[in-house]
Amino acid sequence: MIPNYELHDGNAIPLLGFGTYKLNGAQGVISMDAAINNGYRLLDSAFNYENEGAVGEAVRRSPVPREQLFITSKLPGRHHQYDEALATIQESLYRSGLDYFDLYLIHWPNPKQDHYVEAWQALIQAQKFGLVKSIGVSNFLPEHIDRLIAETGVTPAVDQVELHPYWSQPDVVRYNSDHHILTQAWSPLGRANAVLQEPVIQEIAARHNKSVAQTILRWELQLGVGVIPKANSIHHQLTNLDIFDFELSTDEMKRISALDRPDGMNKNQDPREYEEF
Ligand SMILES: NC(=O)C1=CN([C@@H]2O[C@H](COP(=O)(O)OP(=O)(O)OC[C@H]3O[C@@H](n4cnc5c(N)ncnc54)[C@H](OP(=O)(O)O)[C@@H]3O)[C@@H](O)[C@H]2O)C=CC1
Ligand SMILES: O=C(O)C(=O)[C@@H](O)[C@H](O)C(=O)CO
């Protein structure tokens with residue numbers, strides 16, 4: 001039901017996945033388990049979410065074979081130095097109880113700290129060791145990716161960035177597409193902020209008999225972007241999957257894209273400045 005995208009390394013990734021930020025502990029496992037039962041195959045986690053153990057437990061509880069699931073985790077900023085990065089990827093695996101991740105990302109470039117190139121070298125090595133199948137980055141701008149390619153010769157397979165109608169980053173999406181890097185949208189629903197009350201999208205959604213959230217996710221897919229909405233609510237989980245039976249027109253796509261605004265970032269986490277450890 002969910003289409004895959006073929007990454008430049010030959011691996012396939014579902015274009016719609018399940019975000020797990022803030023899904024922790026037993027309730028987190030229940031929510032992730034429900035998501036898999038409802039049809040999601042990709043779970044997006046991170047070392048810093050402190051829920052890699054819950055992700056692993058949901059995978060083990062699921063009747064879906066491990067090889068049909070796609071599990072992502074991410075390297076935190078405090079462990080960018082090469083040896084620490086490799087040990088952290090191993091620690092992520094121990095926490096999850098999994099043998100490998102399908103995708104591992106550098107969570108933030110932290111350009112002031114300036115160790116993201118050696119973090120990338122560690123991800124390249126982890127892929128060679130078989131700890132991770134695909135490697136990528138998150139919150140990287142073209143200038144950061146240019147440097148990774150220039151200094152290592154290896155292009156990330158994925159760039160996971162903030163993307164929703166108020167912050168659609170067309171330059172990043174174009175750069176990634178030109179380099180066969182899949183852009184994946186985090187907070188694709190703007191973390192349920194005012195965008196869900198946006199009149200332009202309400203009008204377009206009503207025309208298609210869909211919700212605003214479904215219309216936004218559809219707009220993102222038609223931009224060529226993967227999406228990982230988080231939903232604890234079962235109703236949200238199900239409706240977010242139901243976005244493959246309608247299509248937005250070119251004009252509707254343009255009207256939603258026109259909502260982009262200079263102050264549209266949700267929490268002012270500009271990767272040029274923001275550092276997360
Ligand atoms: N790489 C990075 O730096 C980052 C990555 N991420 C990843 O991206 C994922 C998604 O982003 P996130 O920040 O969680 O925000 P989302 O944009 O996915 O929004 C989640 C919120 O939207 C609500 N929601 C979900 N579906 C619907 C719907 N159909 N209608 C109305 N409301 C809905 C959820 O409610 P409820 O839960 O109650 O159902 C929740 O409050 C994260 O979980 C994480 O995996 C996020 C931030 C940064
Ligand atoms: O959720 C993530 O992946 C993050 O990187 C965090 O920055 C998150 O966006 C957050 O809101 C932390 O306060």
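Numbering of ligands and ligand atoms starts at 1, following listing order.
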Asker: What protein heavy atom sits nearest atom 27 (C) of ligand 1, and how far away is it?
Answerer: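 Result: H236 CG, 3.3 Å.
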Asker: Does L189, backbone or side chain, put an N or O under 3.5 Å from an N or O of ligand 1?
Answerer: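 So ligand 1 has an N or O lying under 3.5 Å from an N or O of L189.
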Asker: What part of N139, side chain from CB on, backbone N/CA/C/O, both or neither, has a heavy atom under 4.0 Å from ligand 1?
Answerer: side chain
Asker: Once you restrict to heavy atoms under 4.0 Å, what part of S45 touches ligand 1? Side chain, backbone, both or neither.
Answerer: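 The answer is neither.
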Asker: Measuring from atom 9 (O) of ligand 2, which candidate in R191, E276, K230 has the nearest non-hydrogen atom?
Answerer: R191
Asker: In terms of residue, atom name and distance, what is the protein heavy atom nearest to atom 45 (O) of ligand 1?
Answerer: D44 OD2, 2.6 Å
Asker: May I ask you to establish whether R66 and Y100 are in a cation-pi arrangement, using a distance under 6.0 Å from NZ or CZ to the six-membered ring centre and at most 45° from the ring axis?
Answerer: yes
Asker: Among protein heavy atoms, which lies nearest atom 25 (C) of ligand 1, and at what distance?
Answerer: K230 O, 3.2 Å
Asker: Indicate the ring-plane relationship of Y166 and H164, choosing parallel, tilted or perpendicular according to the 30° and 60° boundaries.
Answerer: perpendicular
Asker: Is it the case that ligand 1 has an N or O less than 3.5 angstrom from some N or O of S211?
Answerer: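 N/O-N/O distance under 3.5 Å: no.
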Asker: If we check side chain to side chain contact (heavy atoms under 4.5 Å, CB included) with R218, which of these qualifies: M253, E252, E247?
Answerer: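 Only one of M253, E252, E247 forms a side chain to side chain contact (heavy atoms under 4.5 Å, CB included) with R218, namely E247.
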Asker: Who's the nearest protein heavy-atom neighbour of atom 36 (P) of ligand 1, and how far?
Answerer: N232 N, 3.5 Å
Asker: Could you check which of I228, V195, V227 puts a non-hydrogen atom nearest to atom 8 (O) of ligand 1?
Answerer: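 When every heavy atom of I228, V195, V227 is considered, I228 comes closest to atom 8 (O) of ligand 1.
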Asker: For ligand 1, does V212 get within less than 4.0 Å through its side chain, its backbone, both, or neither, judged by non-hydrogen atoms?
Answerer: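 It is neither; nothing of V212 touches ligand 1.
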Asker: Is the NZ or CZ atom of R147 positioned over Y116's six-membered ring, under 6.0 angstrom from the centre and within 45° of the axis?
Answerer: yes
Asker: So if I count the atoms of ligand 1 from 1 in the order they appear, which ones are less than 4.0 Å from some heavy atom of P229?
Answerer: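 Those atoms are 18 (O).
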Asker: Under 4.0 Å from any heavy atom of G190, which atoms of ligand 1 are there?
Answerer: 17 (O)
Asker: Which of the atoms of ligand 1 are close to H107, meaning less than 4.0 Å from one of its heavy atoms?
Answerer: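 Listed by number with element, the hits are 1 (N), 2 (C), 3 (O).
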Asker: Which is it for L196 and ligand 1 at heavy atoms under 4.0 Å: side chain, backbone, both or neither?
Answerer: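 Within the 4.0 Å criterion, L196 contacts ligand 1 through side-chain atoms alone.
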Asker: Are any of the side-chain nitrogens in R60 or E57 under 4.0 Å away from the carboxylate oxygens of its partner?
Answerer: yes
Asker: Does this structure show an ion pair linking D171 with R174, if we count only N-O contacts that are shorter than 4.0 Å?
Answerer: yes
Asker: Please report whether ligand 1 has a polar contact with K74, defined as an N or O pair separated by less than 3.5 Å (distance criterion only).
Answerer: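 In this structure, K74 places no N or O atom under 3.5 Å from an N or O of ligand 1.
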Asker: Quick test: of every protein heavy atom, which one is nearest to atom 43 (O) of ligand 1, and how far off is it to 0.1 Å?
Answerer: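 Result: Y21 N, 3.0 Å.
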Asker: Enumerate the atoms of ligand 1 whose separation from the nearest heavy atom of S138 is less than 4.0 angstrom.
Answerer: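 In order of number, 1 (N), 2 (C), 3 (O).
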Asker: Considering only heavy atoms of S233, which atoms of ligand 1 have at least one such atom less than 4.0 Å away?
Answerer: 36 (P), 39 (O)
Asker: Is it the side chain (CB and beyond), the backbone, both or neither of Q160 that lies under 4.0 Å from ligand 2, heavy atoms counted?
Answerer: neither
Asker: Could you tell me the residue and atom name of the protein heavy atom closest to atom 12 (C) of ligand 2, and the distance to it rounded to 0.1 Å?
Answerer: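 Going atom by atom, the protein heavy atom closest to atom 12 (C) of ligand 2 ends up being Y21 OH, 3.3 Å.
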Asker: Can you name the one residue among I106, T183, I228, L103 that meets side chain to side chain contact (heavy atoms under 4.5 Å, CB included) with Q160?
Answerer: I228
Asker: Which option, R191, E162, H164, owns the non-hydrogen atom nearest atom 19 (O) of ligand 1?
Answerer: R191
Asker: Got a sec: does the CZ of F246 have more than 12 other heavy atoms crowding it under 6.0 Å?
Answerer: yes
Asker: Please could you name the atoms of ligand 2 that W108 approaches to less than 4.0 Å, counting only its heavy atoms?
Answerer: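 Listed by number with element: 5 (O), 7 (O).
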Asker: Could you see which bit of A231 sits under 4.0 Å from ligand 1, with heavy atoms only: side chain, backbone, both or neither?
Answerer: both
Asker: Closest by any non-hydrogen atom to atom 41 (O) of ligand 1: pick that one out of A213, A192, A185, P271.
Answerer: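 Comparing heavy atoms across A213, A192, A185, P271, the nearest one to atom 41 (O) of ligand 1 lies in A192.
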Asker: Any salt bridge between K210 and D242, counting N to O under 4.0 Å?
Answerer: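 The answer is yes: the pair qualifies as a salt bridge.
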Asker: List the closest protein heavy-atom neighbour of atom 29 (N) of ligand 1: residue, atom name, distance to the nearest 0.1 Å.
Answerer: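 Going atom by atom, the protein heavy atom closest to atom 29 (N) of ligand 1 ends up being N240 OD1, 2.9 Å.
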Asker: Measure from atom 47 (C) of ligand 1 to every heavy atom in F18, Y49, W186, W108 and give the option owning the shortest one.
Answerer: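 The option holding the nearest heavy atom is W186.
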Asker: Kindly indicate whether the side chain of I216, heavy atoms from C-beta on, has any atom under 4.5 Å from the side chain of L196.
Answerer: yes
Asker: Quick one: look up the protein heavy atom nearest atom 2 (C) of ligand 2 and list residue, atom name and how far away it is.
Answerer: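 Looking at atom 2 (C) of ligand 2, the protein heavy atom closest to it is Y49 OH, 3.3 Å.
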Asker: Pick whichever of E162, H107, K267 has a heavy atom sitting closest to atom 5 (O) of ligand 2.
Answerer: H107
Asker: Distance to 0.1 Å, residue and atom name: give those for the protein heavy atom nearest to atom 12 (P) of ligand 1.
Answerer: S187 OG, 3.6 Å
